[in-house]
Colleague: 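Can you read through this structure? Questions will come right after.
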Amino acid sequence: MPKPYNHKEIEKKWRKYWEENPVNVNDGKKPKYYCLDMFPYPSGSGLHVGHWRGYVISDVWSRYKLLNGYYIIHPMGWDAFGLPAENYAIQKGIHPRIATEQNVAAFKKQINDIAAIYDWDMEVNTTDPGFYKWTQWIFVKMFKEGLAYEKEMPINWCPSCKTGLANEEVVNGGCERCGSPVTKKNLKQWMLRITKYADRLLEDLNKLDWPEKVKKMQTDWIGKSYGAEIDFAVEGSDKSIRVYTTRPDTLYGATFMVLAPEHELVLEITTPDRKEAVEEYIYKASMKSSVDRLADKEKTGVFTGSYAINPLTKKPIPIWISDYVLADYGTGAIMCVPAHDDRDFEFAKKFGIPIVQVISRDGKEEKLTEAYTQPGIMINSGEWNGMDSEKAKKEIPDMLEKQGIGKKTVNYKLRDWVFSRQRYWGEPIPIVHCEHCGAVPVPEEELPLLLPEVEKYQPTGTGESPLANIHEWVNTTCPQCGRPAKRETNTMPQWAGSSWYFLRYVDNKNDKELVNKEKAKKYLPVDMYIGGVEHAVLHLLYARFYTKFLKDIGVIDFDEPFIRLFNQGMIYKDGAKMSKSKGNVVSPDELINDYGCDSLRLYELFVGPPELDSEWDDRGIDGVYRFINRFYNLVLDNKDKDAEATEELLKLRNRFVYDITTRLENFSLNTVVSGFMEYNNKLIDMAKRTGGIDRKTLETAIILLAPFAPHVSEELWSQMGHTTSVFSNTWPTYEEAYLKDDEIEIAVQVNGKTKGTIMIGTEEAKEEVLEKARKAMAGKITGTIVKEIYVPGKIVNIVVKQ
RNA sequence: GCAGUCGUGGCGGAAUUGGCAUACGCGCUAGACUAAGGAUCUAGUCCGGGUUAAACUGGGUACGGGUUCAAGUCCCGUCGACUGCACCA
């Protein structure tokens, strides 16, 4: 009769034991391993089984490393600034600080149910003044280094959240948070010069053990391109217009130019008769939201009345304006080669502008029905005719440079980071505006600049933060000259704290430094970072930027924060991402009550490959629960039998260790769980057939299981008679010798179709094996054997011809 | 539109370098134990032919081609799903 496995009692017992006897202790001698979860925003709706997944994965990995002799840095904290707490405050009139405190307490309780080895002494909270002091300090340092600057410009504006947004926060023309269409608003903004780091952010991706997908997303986001800047003289004027192009080889085919509506020279070069039309176009373009711009597939534009001179053909070409040219990329003006660019082709067709082919497939001109964008042989290009266009791409800019009208250059899609938010619940930007001294940073020793109490959290919607209404806070004196001055009232974006929090965990109580240098050297950087892929170009790019900056000013001595990154897939239910708004969340609470934490941990892994999205099915947890029961009873039934470690058991045990270890190393955690089930079935089977399972094999299995199902493993380890934790062991090893069998079964195929199997010795000679195979296939071979293939230890294939 | 990932039973999913497709689990079917079972145990479960049951046998990894002794895996094309980017000159 199987003994009942009482998960409630067992889990309660070992939770208490770990509290009194921590298993992860820093003895100062062990090497460190820093395994980090992306810290959560503590929302009011609590954790669901989708959140659990990443935390389980990181804890399993941490405990595995623990058994491999490391001291594990596995902290948790709270990314607690941000809009939801503020919106909640607006609705309910509860201060965001109070709501955040409540949410953190609730989250912490739920996270503790996972039974991860979090070190709560390291806990950080981005809204804690002791923490944001350093978030502000970094800003001041950036300001002093010229990396933070103010600029008035049209920025992305979310009319619903009533705040400006960074480029990275605009997804498909909508607000990343609420989905509202993003519009443009002209505001004076704090910007961070992340573009200064564009090259390093791009180059250093090579150093990282990250998913290729994320690296590619960052590469595309940075968007480095090589090209040339070329000056076009405006006919009948002393002005010239500079364009950026990646195709200088097509310069002979440039038959018109287009400027962005916002280009500074537009009105200057517009002829009087075109003035009205141009102004109207500029006005309309300024009213378009990014969504409208995306929706309008048809090209629009208007002619300025002026002409520029193509520097190679010396012919005049018309200058147009159109909103398909972006003001903030390159020079805001382009030369247009309709024959070799899809967009220019479309524009030229619509407005009847000549199309001149200058690159050809085979040296001959053809009738183009669409732009030819491939490289080829130059035609209609004067002295360059016949040259390979890739060669001309390099040589034409050199020639222009000699004439002083062009040069090779590099461009990036990456823009500087719009860093101001017109909201309350964020870090105040520590700047004082003085009429005489300009923008002056709050002195470092006066940080943190505390977020003041406010009566109304409502965003004003005018582009000013709610802080602007607190006169006693806004009005201050200039730290430099002492005269009356006003504080900056914008706050920082939520990404500010998360850009560096991982540094703070290892020295979270230090009020003298952001992080002590010795500690940083000893415990950083992060070895393994686990979280969702949704931060690929937001948080992960910002954190890399901050890390590089902090290295440059000598705070830390490494320039990449996260050596290895793992993105877990999302959990779906009923075909949709699990979320409270969709009403498809599965709470872990009930499952823990019915099946226990260990079962839920195993099921989180078993549900599918960790890097892929998986569909949640509540019934599936029965399988892992049954497995734990069976294993529990296997150990209890066999522990006192003193069974002998037979050859068969030795082989099984070694293969078990090998399989679990390699699968774990490959992060194939779902197959680790199926592996446990498979070996458990084999052991149960063997226990029935023979006298029982030897002690060493049982103990090995318990240790292997410990990172996955820690409570039941501790219980069984103590049932085996031990008085110390199962985590005081080291990860089991295997002996190669036992992985090999003397005799194995291999498949025999005839013409590639499997027809049967034969038993062979692993050392058996080819001819003997073939002889056996022929014998086995005797009745099945019709015709003559033309070829026989033997892949040692794998397969025999007999090729027969009729 | 461009780029990337992927397509395997009723379902979630396995399958080291190309080498016995469907491991493991869910669900389902039958049986055992039981006063009872939403517990537990045993057996079966890709589709078809065949057999009392087996043996045996044909087909099969979205679809169509190709390379190979051998293809879920590699190559080309088509369809579908998901993700990212979206006029970046």
Colleague: Determine yes or no for a side-chain-to-main-chain donor-acceptor pair under 3.5 angstrom, with A/Ser322 supplying the side chain and A/Thr300 the backbone.
Modeller: yes
Colleague: Within the structure shown, what part of the strands sits under 4.0 Å from A/Thr662 by heavy-atom distance: base, sugar-phosphate, or nothing?
Modeller: nothing
Colleague: Heavy atoms under 4.0 Å, any strand shown: does A/Lys216 hit a base, just sugar-phosphate, or nothing?
Modeller: sugar-phosphate
Colleague: Taking the six-membered ring where the residue is Trp, are the ring centres of A/Tyr603 and A/Tyr595 under 6.0 Å apart?
Modeller: no
Colleague: Give me, pair by pair, the N or O atoms of the protein and of nucleotides 41-48 of chain B that are less than 3.5 Å apart, along with how far apart they are.
Modeller:
from   : atom 1 : to       : atom 2 : distance (Å)
B/rC41 : OP1    : A/Arg630 : NH1    : 3.4
B/rU42 : OP1    : A/Lys688 : NZ     : 3.1

Colleague: Using ring centroids (six-membered ring only for Trp), state whether A/Tyr542 and A/Trp417 fall under 6.0 Å.
Modeller: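 Between A/Tyr542 and A/Trp417, which both carry aromatic rings, the centre distance is below 6.0 Å.
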Colleague: Check the phosphate of B/rG25 against A/Asn681, side-chain N and O only, distance under 4.0 Å to OP1 or OP2. Yes or no?
Modeller: yes
Colleague: Side chain of A/Gln749, heavy atoms from C-beta onward: which of B/rG19, B/rA89, B/rC69 has the nearest atom to it?
Modeller: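 Minimum distance to the A/Gln749 side chain belongs to B/rG19.
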Colleague: Expressed in whole Å, how much space separates the P atoms belonging to B/rC20 and B/rU73?
Modeller: 13 Å
Colleague: Using the P atom in both, what is the distance from B/rC24 to B/rC41, to the nearest Å?
Modeller: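 Those two atoms are separated by 15 Å.
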Colleague: With a 3.5 Å cut-off and heavy atoms only, can you find an N or O donor on one side and an acceptor on the other between the side chain of A/Glu745 and the base of B/rC20?
Modeller: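 Under the 3.5 Å cut-off, the side chain and the base do form a donor-acceptor pair.
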Colleague: Reading RNA chain B from 5' onward, which residue's closest nucleotide shows up sooner: A/Lys213 or A/Met677?
Modeller: A/Met677
Colleague: Please determine, by modelled atom types, if A/Trp210 and A/Gln218 share a side-chain donor-acceptor pair under 3.5 angstrom.
Modeller: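 Their side chains do not contain a donor-acceptor pair, so the 3.5 Å distance test is not met.
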Colleague: Rounded to whole angstrom, note down the P distance from B/rG58 over to B/rU83.
Modeller: 44 Å
Colleague: Are the aromatic ring centres of A/Phe351 and A/Phe347 under 6.0 angstrom apart?
Modeller: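 Ring-ring flag for A/Phe351/A/Phe347: true, centres closer than 6.0 Å.
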Colleague: Whole-Å distance between B/rG4 C1' and A/Gln218 CD?
Modeller: 16 Å
Colleague: I need a per-nucleotide contact map over nucleotides 9-16 of chain B, read 5' to 3'. Cutoff is protein heavy atoms under 4.0 Å; write B for the base, S for backbone only, - otherwise.
Modeller: ---BSS--
Colleague: So what is the 5' to 3' dot-bracket string for RNA chain B, if pairs are Watson-Crick or G-U wobble with both distances under 3.5 Å, crossing pairs use [ ] and | means the partner sits on another strand?
Modeller: (((((((..(((......[....)))((((((.......))))))((((......))))..(((((..]....))))))))))))....
Colleague: How many Å lie between CZ on A/Phe627 and P on B/rA39, as a whole number?
Modeller: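 For the pair A/Phe627 CZ and B/rA39 P, the rounded distance is 19 Å.
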Colleague: Could you walk me through whether A/Lys349 and A/Glu370 pass salt bridge (Lys or Arg N to Asp or Glu O under 4.0 Å), step by step?
Modeller: CA-CA 10 Å; A/Lys349 275 275 176 199; A/Glu370 56 178 4; over 6 Å; no
Colleague: Quickly work out the A/Lys299 NZ to B/rA86 C1' distance and round it to whole Å.
Modeller: 12 Å
Colleague: Between B/rA86 and B/rG77, how far apart are the two C1' atoms, rounded to whole Å?
Modeller: 27 Å
Colleague: Which value, in whole Å, describes the distance between the C1' atoms of nucleotides B/rC75 and B/rG60?
Modeller: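 These two C1' atoms come out 22 Å apart once rounded.
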